[in-house]
Amino acid sequence: MSWTRGVLAALAVCVLLLTGSAGCGASDAGEPEAGESVTPVGRLLDATDEEGRRYREVDAERAPEVGIEVQPAADDSWDVRLTVRDFRFSPAGTETVAVPGRGLAHLFLDGELIARLHGPDHRLEADLVPRGTHQLTVRLYADDGTVWAVDGEPVESTADITASDAEPTGATRPEEIPEDAVSRTPPGSAAAR
């Protein structure tokens with residue numbers, strides 16, 4: 001019966017090793033430091049974004065990608081559409097743990113955070129975009145608040161948008177164009193010959 005005692009002892013050692021109960025004190029496995037993610041997703045960098053959120057470096061071949069398209073809407077607002085690859089949006093209230101290719105997007109107008117997005121569509125209200133040309137940037141974040149990054153750069157995309165006055169200017173108002181200017185034929189044209 002000595003073989004059963006040996007098998008039981010071997011099983012007990014396996015159970016202790018698998019459950020982690022056999023260790024005492026710190027291990028060489030690289031315990032996460034305070035503030036580091038406990039999930040093995042990428043590598044945390046010292047670099048941070050404007051809000052102080054650390055970059056989470058992932059390999060380019062496994063990294064999420066994002067694109068942004070902005071179209072003017074009839075009510076002077078803007079329709080924003082994100083296209084993502086190797087990324088899924090997490091619903092609001094998701095556990096704050098980094099999971100590969102999952103998270104949310106932050107939308108910045110001229111460097112200022114204006115929205116946190118849990119989906120690919122957003123309506124940018126007209127009053128947020130003053131007259132002129134602006135940069136609208138989308139950046140991807142993991143659920144733990146870290147910035148997805150590749151080669152030390154955040155995973156993001158930028159589009160330029162130009163907002164103009166809703167009313168036509170004095171030079172383009174039809175009621176101010178003289179009638180004879182419309183019916184006159186320019187000299188040298190085929191109709192004047």
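What you see below is based on every heavy atom in this structure, not just the backbone, and it leaves out hydrogens, waters and symmetry mates.
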W78 CH2 to L136 CG distance, which is reported to the nearest 0.5 Å: 9.5 Å
Enumerate the residue pairs fulfilling salt bridge (charged side-chain N to carboxylate O under 4.0 Å, His left out) with a member in residues 80-95, sequence neighbours excluded, ordered by first and then second residue. E65-R85, R81-D121
Set of side-chain hydrogen bond (donor to acceptor under 3.5 Å, both in side chains) partners for E57, sequence neighbours left out: none
For residues 149-160, the salt bridge (charged side-chain N to carboxylate O under 4.0 Å, His left out) pairs (sequence neighbours left out) are R139-E156
Contacts of type side-chain hydrogen bond (donor to acceptor under 3.5 Å, both in side chains), residue T83, not counting sequence neighbours: none
Check side chain to side chain contact (heavy atoms under 4.5 Å, CB included) between R123 and all other residues, then give those that pass, not counting sequence neighbours. A73, D75, S77, D79, E125
Residue pairs meeting ring pair (Phe, Tyr, Trp, His ring centres under 6.0 Å), one or both in residues 108-137, sequence neighbours left out, come to none
Output every pair passing salt bridge (charged side-chain N to carboxylate O under 4.0 Å, His left out) with a member in residues 96-115, not counting sequence neighbours, ordered by first then second residue. R102-D143
Qualifying residues under ring pair (Phe, Tyr, Trp, His ring centres under 6.0 Å), relative to F89, sequence neighbours excluded: F87
Ring pair (Phe, Tyr, Trp, His ring centres under 6.0 Å): which pairs involve residues 45-64, sequence neighbours left out? none
Test of understanding: with side chain to side chain contact (heavy atoms under 4.5 Å, CB included), list the residues that count as partners of T48, not counting sequence neighbours. R54
Mind checking ring pair (Phe, Tyr, Trp, His ring centres under 6.0 Å) for H106 and listing every partner two or more places apart, or none if nothing turns up? Y141
